[in-house]
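To keep things clear, I will list the structure first and then write my remarks on it.
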Amino acid sequence: MGIHRLNHAVLYVSDLERSVAFYRDVLGFRAIPMTPDGFRGAAFLQAPGSTNDHDLGLFEIGRAAGRSTAGRATVGLYHLAWEVDTLDELAVTAQRLAAAGALAGSSDHGTTKSLYGKDPDGLEFEVVWLVPADLLDDAALTARKRIGRLDLDRERQRYGGQTRGGVGISVPA
């Protein structure tokens, strides 16, 4: 099975309105009117510039729902990663996540530059920029074996803030 890209993710959330507001206001997603008639407690969202039918489905299970214990007490999904086109876009996303109190961390994985965020239910996601294949060098490839501190300003100086990322391409041709 060859995978072209992740088409969408579906999350269970405790408060649908709160989650929709977060993904809309912080990450710029827009609601897609595709909830079946008579069906309550679901929303479908599309990321800015996406060519997917929808990128995120949200299903409300109620405010009494407990937080996920995946990775601490149960098996489950750790996170999904959404790819952005430029380091400037990654920097703006970092500012928006920080302003919302949702920036959980950042890291430099050599070939990828990553932010980690948490939504209102504490579900973690990654926002990533990939070094373009034609700019991969030994330093970037070697750095995949460690997790370093992300210095976005340094990376923007190195690669250029408007340089399009690998957009799914992680190995040179």
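These values consider heavy atoms only, across backbone and side chains, with no hydrogens, waters or symmetry-generated copies.
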Practice item. Test Arg149 against Asp108 for side chain to side chain contact (heavy atoms under 4.5 Å, CB included), laying out the working first. Key: CA-CA 6 Å; Arg149 186 182 72 76; Asp108 182 342; over 6 Å; no

Check your understanding: Does CG in Asp138 sit with more than 12 non-hydrogen atoms of other residues, nucleotides or ligands closer than 6.0 Å?
Key -> no

Review point. Should the heavy atoms of other residues, nucleotides or ligands under 6.0 Å from CZ of Arg63 be counted, would the total exceed 12?
Key: no

Check your understanding: Looking just at side-chain N and O atoms, do Asp88 and Gln162 make a donor-acceptor pair shorter than 3.5 Å?
Key -> yes

Exercise for review: Sort and list the pairs that fulfil side chain to side chain donor-acceptor pair (under 3.5 Å) and have at least one residue in residues 71-81, not counting sequence neighbours.
Suggested key: Thr69-Thr74, Tyr78-Glu124, His79-Glu126

Practice item. Report, as yes or no, whether the 6.0 Å neighbourhood of atom CD1 on Ile147 holds more than 12 heavy atoms from other residues, nucleotides or ligands. Key: no

Point to revise | Donor + acceptor pair across side chains of Ser107, His109 (<3.5 Å) | key: yes

Revision key, fill the gap. Side chain to side chain contact (heavy atoms under 4.5 Å, CB included) filter on Asp25, not counting sequence neighbours, yields Ala21

**Study point:** Within 6.0 angstrom of Tyr116 OH, more than 12 heavy atoms from elsewhere
**Key:** yes

**Study point:** Residue list, side chain to side chain contact (heavy atoms under 4.5 Å, CB included) with Ala42, at least two apart or on another chain
**Key:** Thr35, Phe39, Phe44, Phe59

Exercise for review: Kindly work out whether a path of hydrophobic side-chain contacts (I/L/V/M/F/W/Y, heavy atoms less than 4.5 Å apart) joins Val131 to Leu141.
Suggested key: yes

Check your understanding: Do you know the tightest heavy-atom contact between Ser14 and Ala65?
Key -> CB-CB, 4.5 Å

